[in-house]
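Down below is the structure, laid out as structure tokens.
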2 protein chains.
Amino acid sequence: MARRSDHSREELQTLILDTAWTLVGQGGTETLSARKLASKIGYAAGTIYNHFDSMDDLILRVNGRTLDELFAVLNSPACNDPAHSPVQNMKKMAALYMEFAKTRAPYWLMLFNTALPPERTEITWYQEKIDLLFAPLETQLTSFFTAGQEKRKKMAARILWSSIHGLCFLEETDKLPLVSGKIGALDMANYLIESFVSGVVIVNKLKSGG
Amino acid sequence: MARRSDHSREELQTLILDTAWTLVGQGGTETLSARKLASKIGYAAGTIYNHFDSMDDLILRVNGRTLDELFAVLNSPACNDPAHSPVQNMKKMAALYMEFAKTRAPYWLMLFNTALPPERTEITWYQEKIDLLFAPLETQLTSFFTAGQEKRKKMAARILWSSIHGLCFLEETDKLPLVSGKIGALDMANYLIESFVSGVVIVNKLKSGG
DNA sequence: AAAAGGAATTGAACGTTGTTTAAAACTTGG
DNA sequence: CCAAGTTTTAAACAACGTTCAATTCCTTTT
């Protein structure tokens, strides 16, 4: 029996989360089970329920960590470089996002390809983390909108982000048939960004002009 | 014991698939289990494995049926109306797609929010069904491309479809923060289609002109 | 008609999962 | 040092996918 004094309540909580993180990283969602996790840290399965509501709850915490990492990537200087054009920065964002999905596949898949009961994801801290993801892209879009078009800018950021995610998702789950040869999701994302931004400028002029 | 002569091999196979379809429709992926399904048709659980490789295999068949229905929607006259502009038709497609995702949520979620082993989805008949989904959109995009831009047109169709799917997906799984008020995924899809198509026309001119 | 052969069906079993709970082990305060 | 309060545990429950030997059934042959 593990001694209660081995870890404080907080220590144990993060130990569980860290171990869950490791397990997911090694073999995806399927590798994460209460018993495996518990045995890995020398506790019984029941102990986990002393620190987390359920396995879904634990998965949500792991997802939260993934969202943090994702934000760090999208908010990094590499894709928010003032020396580069907004379009260049956004293309870089798309590239980094897709790289993240590939290299950190288990976490990314758990985040987007694992069904959780809706009531789980409606927690505010989780929604806030998601909300944050759109900020860097919104920043890059600023120059294409006037001060009065705040709402449209927010829309555009969400659209573009969702679209890039859609491309990435369908590619990673083998649901995006290739056009030919080497044309992959990243090329499509670049094409999308170019076209969408060009189009936004036009449409904005039309709406404000007419 | 169910008599072998109750149903022919083929009959039983479609009976299983039909029942699986019903179960998924009633309560989503979680409601579909070998034992529940079997008891519903008066057979033992093992019988299912006489007709399907595994439960994943059965899920894939259900998904196949969903893809068929989805194609029927996107290929319907309502969004391929010659009297309407391509942009109008594409907006209608987006609307119908999102309606499908909502009204047939269990099937749509099983298709896109349930992780299957990659080797399962690499089957050709499944990939072909997916490939078909892009055709109607491609048709609507024809007028914006010249004869020599076939590849770009294919790309554009995949991009636009993926993007609309991305919007729909993030909305349905509570991962698309609303901008404000009533602005939902459909408004964003419309904005996307307008802007992207406008942008495509410009970018195409640039590429061919320069 | 009976027996034989082949195929479909079955129940039971295995190992796994998430989760609950009473009892045991532990830590702490008086 | 004992009592009170927590934490941990083992065991149990119900469900899951899947396998397999045994049974049952149907068809064919004799």
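Sequence lines set the chain letters: A, B, ... in the order given, protein chains first and strands last, and positions in each chain run from 1.
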Next on the checklist: For DNA chain C, which residues of residues 12-35 of chain A approach it to below 4.0 angstrom with any heavy atom?
Outcome noted: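 When residues 12-35 of chain A is checked for heavy atoms under 4.0 Å from DNA chain C, the hits, listed by number, are Leu32(A), Ser33(A), Ala34(A), Arg35(A).
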
Checklist entry - By a strict heavy-atom criterion of less than 4.0 Å, which residues belonging to residues 51-58 of chain A are in contact with DNA chain C? => result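 Per residue number, the list reads Ser54(A), Met55(A).
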
Enumerate the residue pairs fulfilling salt bridge (charged side-chain N to carboxylate O under 4.0 Å, His left out) with a member in [range], sequence neighbours excluded, ordered by first and then second residue.
range: residues 173-192 of chain B; value: none
range: residues 28-39 of chain A; value: none
range: residues 89-105 of chain A; value: Glu69(A)-Arg104(A), Lys91(A)-Glu194(A), Lys102(A)-Glu171(A), Lys102(A)-Glu172(A)

Next on the checklist: According to side chain to side chain donor-acceptor pair (under 3.5 Å), who are the partners of Arg61(B), at least two apart in sequence or on a separate chain?
Outcome noted: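 Expected list: none.
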
Item to check | By ring pair (Phe, Tyr, Trp, His ring centres under 6.0 Å) - contacts of Tyr107(A) (at least two apart) | outcome: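 Here the qualifying residues are Trp21(A).
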
Next on the checklist: Suppose we screen for ring pair (Phe, Tyr, Trp, His ring centres under 6.0 Å). Which residues come up paired with Phe112(B), at least two apart in sequence or across chains?
Outcome noted: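 Trp108(B), His165(B).
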
Item to check | salt bridge (Lys or Arg N to Asp or Glu O under 4.0 Å) partners for Asp18(B), two or more places apart | outcome: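 Checked Asp18(B) against salt bridge (Lys or Arg N to Asp or Glu O under 4.0 Å); matches are Arg65(B).
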
Next on the checklist: With side chain to side chain donor-acceptor pair (under 3.5 Å) as the rule and sequence neighbours excluded, what pairs involving residues 73-82 of chain B come up?
Outcome noted: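 Of all non-adjacent pairs touching residues 73-82 of chain B, those that pass side chain to side chain donor-acceptor pair (under 3.5 Å) are Asn80(B)-Gln140(B).
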
Checklist entry - Please, which pairs that meet side chain to side chain donor-acceptor pair (under 3.5 Å) have at least one residue in residues 50-60 of chain B, sequence neighbours excluded? => result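 Those involving residues 50-60 of chain B are Ser54(B)-Arg120(B).
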
Whole-Å distance between [N] [atom2] and [X] [atom1]?
X: Arg9(A); N: dT7(D); atom1: CZ; atom2: C1'; answer: 8 Å
X: Ile41(B); N: dA8(C); atom1: CD1; atom2: P; answer: 15 Å
X: Ile59(A); N: dG18(C); atom1: CD1; atom2: C1'; answer: 11 Å
X: Tyr43(B); N: dT10(C); atom1: OH; atom2: P; answer: 7 Å
X: Glu11(A); N: dT7(D); atom1: CD; atom2: P; answer: 14 Å
X: His7(A); N: dT8(D); atom1: NE2; atom2: C1'; answer: 14 Å
X: Leu37(B); N: dA15(D); atom1: CG; atom2: P; answer: 16 Å
X: Asn50(A); N: dA22(C); atom1: CG; atom2: P; answer: 15 Å

Next on the checklist: Check this for me: Gln26(B), atom CD, are more than 12 non-hydrogen atoms of other residues, nucleotides or ligands nearer than 6.0 Å?
Outcome noted: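 It does: Gln26(B) CD has more than 12 such atoms within range.
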
Item to check | Whether over 12 other heavy atoms sit under 6.0 Å from Glu10(A) CD | outcome: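 Counting other residues, nucleotides and ligands, CD of Glu10(A) stays at 12 neighbours or fewer.
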
Heavy atoms from C-beta onward define the side chain here; which of [options] lies closest to that of [X]?
X: Thr47(B); options: dT7(D), dA8(C), dT10(C); value: dT10(C)
X: Tyr49(B); options: dT8(D), dT9(C), dG17(D); value: dG17(D)
X: Ala44(A); options: dT7(D), dT9(D), dT18(D); value: dT9(D)

Next on the checklist: Let me check the geometry of the helix from dA1(C)-dT30(D) to dG30(C)-dC1(D). What is the bend angle between the axes at its two ends, five pairs each, to 10°?
Outcome noted: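 Terminal axis comparison yields 30°.
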
Checklist entry - Does Lys36(A) place a side-chain N or O at less than 4.0 Å from the phosphate oxygens OP1/OP2 of dT17(C)? => result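 So the side chain of Lys36(A) is within the cut-off, an N or O lying under 4.0 Å from OP1 or OP2 of dT17(C).
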
Checklist entry - Do you know which of Phe169(A), Phe71(A), Trp161(A) makes ring pair (Phe, Tyr, Trp, His ring centres under 6.0 Å) with Tyr97(A)? => result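 Of Phe169(A), Phe71(A), Trp161(A), ring pair (Phe, Tyr, Trp, His ring centres under 6.0 Å) with Tyr97(A) is met by Trp161(A) alone.
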
